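Report on one structure; see the data block that follows.
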Amino acid sequence: MHADLDYFYAQCEEKLNPTIREKPVIVCVYSGRTDESGVVSTCNYKARKFGIKAGLPIVRAKKIMEGTEAVFLPANRPFYEETSERIMEILRKYADSFEKMGIDEAYLDVSESVNGEFNQAKLIALQIKQEIVQSEQITCSIGVGPNKLIAKIASDENKPDGLTVVPLDEVSSFLNELAVGRIPGVGKKAEEKLSQLHVRSVKELSGLNTNILVEAFGRNLGSYLYKAARGKDDELVKDRNQPVQISRIATLKSNTRDVTEILPLLTELAHSVNVRLVEENLTCKIIGIIAITENLKIHAKSKTIDAPTSDENTVKRCSRELLEQFLQSTPNTAIRRIGVKLSGLSTKSGQVDLNHFLR
DNA sequence: GTATGCTTTCGGC
DNA sequence: TTACGGCCGAAAGCATAC
């Protein structure tokens, strides 16, 4: 089963202020560079009708919504996080095993509790939806299927406030009608490549043999697509107990390649990631920076350190060195945004994530 | 050739 | 046509070891 909280940030804002429910609600991330620089994070369905979507620059969205009652709000992440955490606790209760996939979605394995009965699973899904609406006034869309792939596609089938159940014997009829873009992992690039192979629907995709797909997409994605077209997926719902990476990124007041101008922000970001690291009682083995240059190209530099650490000064020193190294390797290009990333995380007691070994 | 580990890029939300 | 966030997880790409 896959549960997806509907237009989550914007729905949280509707919950906070129900009077905006009937209007287009657009939640934005302001970068702070100018009054309105930034992008749309998400919006409700009233706003989507106008073509508003995640990633659209705010100025562009404002132009489109000129003369309407649209409400533009800054993202209030802490509130969304808290709301999400309470909802995740509800979801977890119903699952034999549970996998959170970000702030607004999760997989629940309920196979055991329902004894493989899809009707039973449907009842659980209805119960979950009811409980979340009652306690949090938040709707979600749920997909039920024989595996994660089908559940995920099904949760996307009927939104918002949807419930789609696809039992094993309906998998192929369900899939065949769909466009290939509905398969997770098939974005613009893969869609384009497939259309050159005259494949638009999942049915057409299932007509391609393994060799052609592997040739076009590589061994990994190729064999994934071959199986996905047949509704096959054997990924487990895995209880993830610790994050894989921790990162913070922010936009500079102005584009620059002057270290002294970047350093205060870099230091603050290093502090922030380290606070989270310590909060989670973790150490990191890899310290990295992310630089988005003026041409909006993303660059990454990282370094694996000798011993796992949670020392703030190590993170600060290392990220500074990586920044200097980046500037040297990339002349004549100013930086627009800068970030710090910690990975190679393990718990302080020294045990690495158990899931790492089970596979 | 295969396995493994490290660094960078990709793409979802 | 311009505009332009802040996260996350995983894949890709490459080097090295056996």
Side-chain angles (χ1 to χ4, degrees), chain A residues 2 4-11 26-43 53-64 74-78 80-81 84 99-107 152 155-156 159 181-191 217-225 235 238 240 242-252 255 265 269 272-273 276 285-306 322 325-326 329-330 336-345 353 355-356:
Chain A
H2 180 257
D4 197 329
L5 307 178
D6 299 320
Y7 60 101
F8 185 53
Y9 292 4
Q11 209 188 341
I26 302 166
V27 178
C28 303
V29 182
Y30 293 89
S31 70
R33 168 167 288 204
T34 65
D35 266 7
E36 305 212 314
S37 77
V39 297
V40 171
S41 186
T42 192
C43 61
K53 56 182 180 183
L56 193 68
I58 295 165
V59 279
R60 197 75 196 87
K62 292 222 160 152
K63 255 196 194 117
I64 294 171
N76 179 358
R77 294 271 304 210
Y80 313 147
E81 296 277 358
S84 167
E99 183 174 3
K100 180 180 164 175
M101 300 297 290
I103 194 168
D104 66 348
E105 58 177 293
Y107 288 102
K152 167 89 175 161
S155 74
D156 206 42
K159 290 203 298 190
R182 291 285 300 281
I183 297 174
V186 177
K188 219 174 133 187
K189 242 172 104 182
E191 215 167 7
F217 294 95
R219 210 191 108 215
N220 233 306
L221 185 55
S223 54
Y224 165 74
L225 290 175
E235 286 298 310
K238 49 194 165 199
R240 230 184 308 227
Q242 62 173 254
V244 170
Q245 62 174 239
I246 297 170
S247 68
R248 292 288 181 275
I249 186 165
T251 303
L252 291 155
N255 298 353
L265 182 55
L269 294 167
S272 177
V273 285
R276 167 94 193 275
K285 190 97 171 45
I286 302 167
I287 299 171
I289 63 161
I290 307 115
I292 288 95
T293 43
E294 51 195 345
N295 52 9
L296 298 181
K297 221 172 113 56
I298 301 167
H299 305 261
K301 287 250 177 280
S302 70
K303 186 170 189 262
T304 300
I305 55 179
D306 295 334
L322 288 166
Q325 190 188 316
F326 169 74
S329 68
T330 314
R336 179 185 178 92
R337 300 162 63 204
I338 189 76
V340 178
K341 179 172 100 170
L342 306 180
S343 53
L345 308 180
D353 183 4
N355 287 319
H356 197 68

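Treat the numbers as computed from the prediction; the structure is a model and nothing was measured. Residue numbers begin at 1 in each chain, while the letters A, B, ... track the order of the sequences.
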What contact category does [X] fall into here, base, sugar-phosphate, or nothing, at under 4.0 angstrom with non-hydrogen atoms?
X: A:G38; value: sugar-phosphate
X: A:R33; value: nothing
X: A:A75; value: nothing
X: A:I58; value: nothing

Checklist line | Side-chain donor-acceptor contact under 3.5 Å, A:R33 with A:N255 | finding: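 A:N255 and A:R33 do have a side-chain donor-acceptor pair below 3.5 Å.
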
Residue [X], side-chain atoms from C-beta onward, closest of [options]:
X: A:R336; options: C:dG9, B:dT9, C:dG5; result: C:dG5
X: A:R248; options: C:dC8, C:dG5, B:dT8; result: C:dC8
X: A:S31; options: C:dG5, B:dT8, C:dG9; result: C:dG5
X: A:S247; options: C:dC8, C:dC4, C:dG6; result: C:dC8
X: A:K152; options: B:dC13, C:dG5, C:dC8; result: B:dC13
X: A:L296; options: B:dT8, B:dC13, C:dC4; result: C:dC4
X: A:K341; options: C:dA10, C:dG5, C:dC8; result: C:dA10
X: A:E105; options: B:dT7, B:dC13, C:dG5; result: B:dC13

Rounded off to whole Å, could you give me the [atom1]-to-[atom2] distance for the [X] and [N] pair?
X: A:D35; N: C:dC4; atom1: CG; atom2: P; answer: 13 Å
X: A:I26; N: C:dC4; atom1: CD1; atom2: P; answer: 17 Å
X: A:K297; N: C:dG5; atom1: NZ; atom2: P; answer: 18 Å
X: A:Q325; N: B:dT7; atom1: CD; atom2: P; answer: 10 Å
X: A:I249; N: C:dC4; atom1: CD1; atom2: P; answer: 15 Å
X: A:I290; N: B:dT7; atom1: CD1; atom2: C1'; answer: 13 Å
X: A:N255; N: C:dC4; atom1: CG; atom2: C1'; answer: 11 Å
X: A:I298; N: C:dG5; atom1: CD1; atom2: P; answer: 12 Å

[X] [atom1] to [Y] [atom2] distance, which is reported to the nearest 0.5 Å:
X: A:Q11; Y: A:D6; atom1: CD; atom2: CG; value: 5.5 Å
X: A:L265; Y: A:S272; atom1: CG; atom2: OG; value: 10.5 Å
X: A:T330; Y: A:Q325; atom1: OG1; atom2: CD; value: 9.5 Å
X: A:F326; Y: A:I338; atom1: CZ; atom2: CD1; value: 7.5 Å
X: A:K63; Y: A:I58; atom1: NZ; atom2: CD1; value: 13.5 Å

Counting only side-chain nitrogens and oxygens, does [X] get under 4.0 Å of the OP1 or OP2 atom of [N]?
X: A:S41; N: C:dG6; answer: no
X: A:K303; N: B:dT7; answer: no
X: A:R77; N: C:dC7; answer: no

Practice prompt. On DNA chain C, check which nucleotide each of A:R276 and A:V39 is closest to and give me the residue with the more 5' one.
Written response: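 Closer to the 5' end of DNA chain C: A:V39.
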
Starting from the 5' end of DNA chain C, give me the residue, A:E99 or A:L269, whose nearest nucleotide shows up first.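 The residue mapped nearer the 5' terminus is A:L269.
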
Query - Rounded C1' spacing from C:dG5 to B:dG12 in Å - result: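 About 14 Å, rounded to a whole number of Å.
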
Could you say whether A:A300 or A:K285 is positioned toward the 5' end of DNA chain B, judged by the nucleotide with the nearest heavy atom to each?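 Checking each residue's closest nucleotide, the 5'-ward one belongs to A:K285.
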
Base of C:dG5 paired with side chain of A:T251 (donor-acceptor, under 3.5 Å):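 In this structure, the two groups form no donor-acceptor pair.
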
| said: Evaluate A:E105 against A:K152 for salt bridge (charged side-chain N to carboxylate O under 4.0 Å, His left out), listing each step before the verdict. | reply: CA-CA 10 Å; A:E105 58 177 293; A:K152 167 89 175 161; 3.0 Å; yes

Original post:
Should the pair A:D156-A:R182 be classified as a salt bridge under the 4.0 Å nitrogen-to-oxygen rule?
Top reply: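 Yes.
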
- [ ] Kindly check if the number of other-residue, nucleotide or ligand heavy atoms within 6.0 Å of NZ (A:K53) is above 12?
- [x]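 No, because the 6.0 Å sphere around NZ of A:K53 holds 12 heavy atoms or fewer from other groups.
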
Tell me the bend of the helix from B:dG1-C:dC18 to B:dC13-C:dG6 as the angle between end helix axes, each from five pairs, rounded to the nearest 10 degrees.
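Result, rounded to 10 degrees: 20°.
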
